[in-house]
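Take a look at the structure set out below.
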Amino acid sequence: MRLDHLSFAAGPDGLASTAERIGGLLGREFTDGGVHPRFGTRNMILPLADDTYLEIVEALDHPASDKAPFGQAVKARSELGGGWLGWVVAVKDMSVVEARLGRAAVAGNRHRPDGVELTWKQIGVNGLIADPQLPFFVEWTCPASEHPSAGADPAYSLAQLDIAGDPQRVSEWLGEPVEAPLEDVKLEWVAPNGTPGLQAAVFQTPSGLVRI
């Protein structure tokens, strides 16, 4: 189990403008990630070091975004003005998570603009909707060489997450201590009595640390 990516929901100015704004803060351009047809969403991505990446995502005007939990989560966050949606951990064997949560994962896919199809399984988005401090889980089923972190500039990495919530609750959800999937990423627990969820992320860039 390891940290895979962070998801940021586009604001009212839309996906491209949100990606341009955050990319400007970080000093790096996002690339078009393509459409998630099963979820009614699309994204733009920024590869990061350590097999991680940052995703900006928006809901499409499509029935799938009203039916799929991920589409619902993105749409709800965007309707609140956009911002951090959550964090995602990758696992090697989804069956272990399925057994612990007592339900089956769903298949996900997207076609990049170059025609390459990325495929994965995911589970736990309903948990994130109910309690936004909780991550959801993915298992990539496409070649590792196609992972969205491929081609990252090692000068760009995730340095810290600020999460409002209860580390014990998150550890129970993960099935192991919350620090385990984060490895070298510093974790700060903030606003214990506030609304739970990912509050901020700090990125290492060639120009120094950037907090978003």
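Every value quoted in this text rests on a predicted model; they were computed, and no experiment measured them.
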- Rounded to the nearest 0.5 Å, how far apart are CG of Leu118 and CZ of Arg112? 5.5 Å
- Main-chain N/O of Met94 paired to Glu139 side chain as donor or acceptor, under 3.5 Å: yes
- Message: Can you list everything that forms a salt bridge (charged side-chain N to carboxylate O under 4.0 Å, His left out) with Arg103? Sequence neighbours excluded, please.
- Response: none
- Message: When you measure from the side chain of Gln122 to the backbone of Phe136, do you find a donor-acceptor pair of N or O atoms at a distance under 3.5 Å?
- Response: no
- Please check if atom CD in Glu29 has more than 12 non-hydrogen atoms from other residues, nucleotides or ligands closer than 6.0 Å. no
- Item | Under 3.5 Å donor-acceptor, Arg42 side chain and Leu60 backbone | no
- Query: When hydrophobic residues are tied together by side-chain contacts of less than 4.5 Å, even through go-betweens, does Leu25 share a cluster with Phe30?
  - Reply: yes
- Task: First locate atom CG of Asp153, then atom CG of Leu46, and finally report the distance between them rounded to the nearest 0.5 Å.
- Result: 9.5 Å
- For residues Trp84 and Ile212, determine if any side-chain heavy atom of one lies less than 4.5 Å from a side-chain heavy atom of the other. yes
- Would you give the length of the straight line joining atom NE2 of His5 to atom NE2 of His147, rounded to the nearest 0.5 angstrom? 8.0 Å
- Would a distance-only check, ignoring hydrogens and angles, find a side-chain to backbone donor-acceptor pair under 3.5 Å from Arg2 to Asp51? yes
- Task: Could you pull out the closest heavy-atom pair between Gly165 and Gln133, with the gap in Å?
- Result: CA-OE1, 3.3 Å
- Note on the structure: Note: Val125 and Ala73 closest approach over all heavy atoms is CG1-CB, 4.4 Å
- Item | Any Pro69 side-chain heavy atom under 4.5 Å of Phe39 side chain | no
- Query: Is there a chain of hydrophobic side chains (I, L, V, M, F, W, Y, each step under 4.5 Å between heavy atoms) that links Leu101 to Met1?
  - Reply: yes
- Message: Using a 3.5 Å distance criterion without hydrogens, assess whether the side chain of Ser78 forms a donor-acceptor pair with backbone atoms of Ala9.
- Response: no
- Query: Parallel, tilted or perpendicular for Trp173 and Phe137, by the 30°/60° rule?
  - Reply: tilted
- Message: Tell me whether Trp87 contacts the main-chain N or O of Gly197 through its side chain, where contact means a donor paired with an acceptor under 3.5 Å.
- Response: no
- Query: Out of curiosity, does Val91 fall in the hydrophobic cluster containing Val106 (side-chain heavy atoms, cut-off under 4.5 Å, transitive links)?
  - Reply: no
- Message: Taking Leu85 as the starting point, is it possible to reach Val88 by hopping between hydrophobic residues whose side chains are less than 4.5 Å apart?
- Response: yes
- Determine which pairs satisfy side chain to side chain donor-acceptor pair (under 3.5 Å) with at least one residue from residues 16-28, sequence neighbours left out, and list them in order. Asp13-Thr18
- Message: Can you tell me how far apart CG (Asn109) and NE2 (His111) are? Round to the nearest 0.5 Å.
- Response: 6.0 Å
- Within the side chain of Asp50, is there an N or O that forms a donor-acceptor pair under 3.5 Å with the backbone of Thr52? no
- Taking every heavy atom of Leu134 against every heavy atom of Gly127, the minimum-distance pair comes out as CD1-O, 3.9 Å
- Say whether Val74 and Ile123 are linked into one hydrophobic cluster, either directly or through other cluster members, by side-chain heavy-atom distances under 4.5 angstrom. no
Considering only distance and modelled atom types, tabulate donor-acceptor pairs under 3.5 Å from the side chains of residues 174-192, sequence neighbours left out.
from	atom 1	to	atom 2	distance (Å)
Lys186	NZ	Glu188	OE2	3.2

- Query: At what distance, to the nearest 0.5 angstrom, does CZ of Arg38 lie from NE2 of His62?
  - Reply: 12.5 Å
- Using a cut-off of 6.0 Å, state whether more than 12 heavy atoms not belonging to Asp61 lie near its atom CG. no
- Task: Before giving the answer on side chain to side chain contact (heavy atoms under 4.5 Å, CB included), spell out for Phe203 and Leu54 the whole-Å C-alpha distance, their side-chain angles and the decisive distance to 0.1 Å.
- Result: CA-CA 10 Å; Phe203 298 87; Leu54 172 58; 3.9 Å; yes
- Return the minimal non-hydrogen interatomic distance between Val35 and Arg110, and the atom names on each side. O-CB, 3.0 Å
- Residue pair Ser7 / Glu55, side-chain donor-acceptor N/O under 3.5 Å: yes
- Closest heavy-atom pair and its distance - Asp162, Leu198: O-CD1, 3.5 Å
- Distance-minimising heavy-atom pair for Thr41 and Gly71: CG2-CA, 3.9 Å
- Using a distance-only test with no angle check, is there a side-chain donor-acceptor pair under 3.5 angstrom linking Asp4 and Trp140? yes
- Task: To the nearest 0.5 Å, tell me how far Phe8 CZ sits from Met44 CE.
- Result: 14.0 Å
- Query: With no hydrogens and no angle check, is any side-chain donor or acceptor of Tyr53 less than 3.5 Å from a backbone partner on Ala152?
  - Reply: no
- Task: Examine distances only and state if a side-chain atom of Gln72 and a backbone atom of Lys67 form a donor-acceptor pair shorter than 3.5 Å.
- Result: yes
- Quick one: do Glu146 and Glu117 satisfy side chain to side chain contact (heavy atoms under 4.5 Å, CB included)? Show the steps, please. CA-CA 9 Å; Glu146 304 299 346; Glu117 182 182 27; over 6 Å; no
- Message: Looking at Lys121 and Glu98, is any side-chain nitrogen of the basic one under 4.0 Å from a carboxylate oxygen of the acidic one?
- Response: no
